[in-house]
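Atoms within each ligand, like the ligands themselves, are counted from 1 in listed order. These values consider heavy atoms only, across backbone and side chains, with no hydrogens, waters or symmetry-generated copies.
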Amino acid sequence: MSSERSSRISGFYKMPVEERVKAISDQVGLTPEEQKLLKSGGGLSLEAADHMTENVVGTIAYPFSVAVNFKLNGRDVFIPMAGEEPSVVAAASNMARIMRNGPGINVISTPPVMIGQIQLTDVPDMKKAVRVLKEKKQQLIEMANEVDPVLVKFGGGAKDMELRPLETSAGPMLVVHLLVDCRDAMGANAVNTMAETLAPMLGELTGAKPLLRIISNLADRRTCRAEAVVKKEDIGGEDKVDRIVQAWAFADADPYRAATHNKGIMNGIVAVALAFAQDHRALEAGAHSYAARTGRYRSLSRWSKNGDGDLVGVLEMPMAVGLVGGATRSHPMAQLAVKILGCTKAQELGEAMTAVGLAQNLGALRALTQEGIQHGHMRLHARNLVVMAGATSDMVEEAVKQLAESGQIRFNKAQEIVAKLKGQA
Ligand code: MEV
């Protein structure tokens, strides 16, 4: 990723869109065509859409934003995010701003290993099946790799095989896990092809009946970790640190709260995933199953207080993302997102997503433990309303202030305030 950028752009959120596009272009060097694409309203032609899925009759656009202030492993990055929910990008950028006062966000990832599952039913002799497959492991891995020489050439491919006898309501089964390093691909195609290729041979060797052959979305071998220290004075003092730790402990202890807490983390992660045309369903499935890996559904993040009274946050989770072989390659906006982030490896995208998830989580916990979540939401809602009511950029701030002070954050009130301000102009 580029190291020369400064992602700290003060007042970015207050700029008109044109100015924001210019600010980002200046930093990442967008061409006039790319700038035009940003303003094109979605960037996907009907023809391209028609090739992407079935029964296409149109396209749908989401706001495409850039989160600022992120510093990952000492490097400044801009992180594209897309989605319909207000406050998400603002919260991520705000929390990234206070996280960069410390050492920034440290990110790290495991090799991009996904799991392919092959289900063997009607196993005549479980012990013998396990023994035979252990003996033939190397040959089976080689056989899997023959179907994807390109992946192997880039250092990826099947690396290991694990055997998991499983008791189920339909009787005992042997589940074979093929561990595949997918490099810069999300990997579903490569893994599924390998699993389908191996299945008949596994059946022959064990005398069992192969049934399912499919990737697992519990990508617990392909994880990213983001960690940040937030100075206590940047979050309102040590008592606020304590409250955030208590709020986290609530989520970690109670699945009802953990679901919402993790949803907040996914607000950020899915927004980045959408901007990069990633399989966000796979990410959601991976995240929530990972959150339940101890047998109880828990928080994906951990928050604690260090010896200096500062807040320490860690988010570790599966990150099945890819830059090649999927829609990221074919969607022009996703290609633009790759350029804005400046990532060359899928792992870098996963690390950026995890950092956003951590910042997003802090934004929610900070708001929930202090003024409550509605305060920020209503201010953004007020901003949307005055813009919809026709406020010009020079009057937006004043109109938002008046609307918020009126206590009636409604469209007709916004219209009234904007009309009055226009009358005074
Ligand atoms: C809303 O989209 C997300 C939050 O509910 C997350 C949370 O409660 O931690 C604010």
Please confirm whether the backbone N or O of Ser6 pairs with a side-chain atom of Gln27, one donor and one acceptor, at under 3.5 Å? yes

Under 4.0 Å from ligand 1, counting heavy atoms only, is it the side chain of Ile373, its backbone, both or neither? side chain

Closest heavy-atom pair, Val107 versus Asn73, reported as atoms and distance to 0.1 Å, is N-OD1, 2.8 Å

Side chain or backbone of Val88 under 4.0 Å from ligand 1, or both, or neither, by non-hydrogen atoms? neither

Regarding ligand 1, does Lys263 bring an N or O atom to under 3.5 Å of one of the ligand's N or O atoms? yes

Show which atoms of ligand 1 fall inside a sub-4.0 Å distance from at least one heavy-atom site of His261. 9 (O)

Please indicate whether Phe154 has more than 12 foreign heavy atoms, meaning atoms of other residues, nucleotides or ligands, lying under 6.0 Å from its CZ. no

Report the nearest protein non-hydrogen atom to atom 5 (O) of ligand 1: residue, atom name, distance rounded to 0.1 Å. Thr260 CG2, 3.5 Å

Atoms of ligand 1 less than 4.0 Å from Leu368 heavy atoms? 7 (C), 8 (O), 9 (O)

NZ/NE/NH1/NH2 to OD/OE distance under 4.0 Å, Lys14 and Glu397: no

Of all protein heavy atoms, the one nearest atom 7 (C) of ligand 1 is Arg257 NH2, 3.4 Å

Are any of the side-chain nitrogens in Lys305 or Asp242 under 4.0 Å away from the carboxylate oxygens of its partner? yes

Taking only heavy atoms of Glu85 into account, list the atoms of ligand 1 that are under 4.0 Å away from them. 1 (C), 2 (O)

Closer than 4.0 angstrom, basic N to acidic O: yes or no for Asp308 and Lys231? no

Is ligand 1 under 4.0 Å from a heavy atom in the side chain of Leu365, in the backbone, in both, or in neither? neither

Salt-bridged, Lys36 to Glu33, with N to O below 4.0 Å? no

Among all protein non-hydrogen atoms, which one is nearest to atom 3 (C) of ligand 1, and what is the separation to 0.1 Å? Asn267 ND2, 3.5 Å

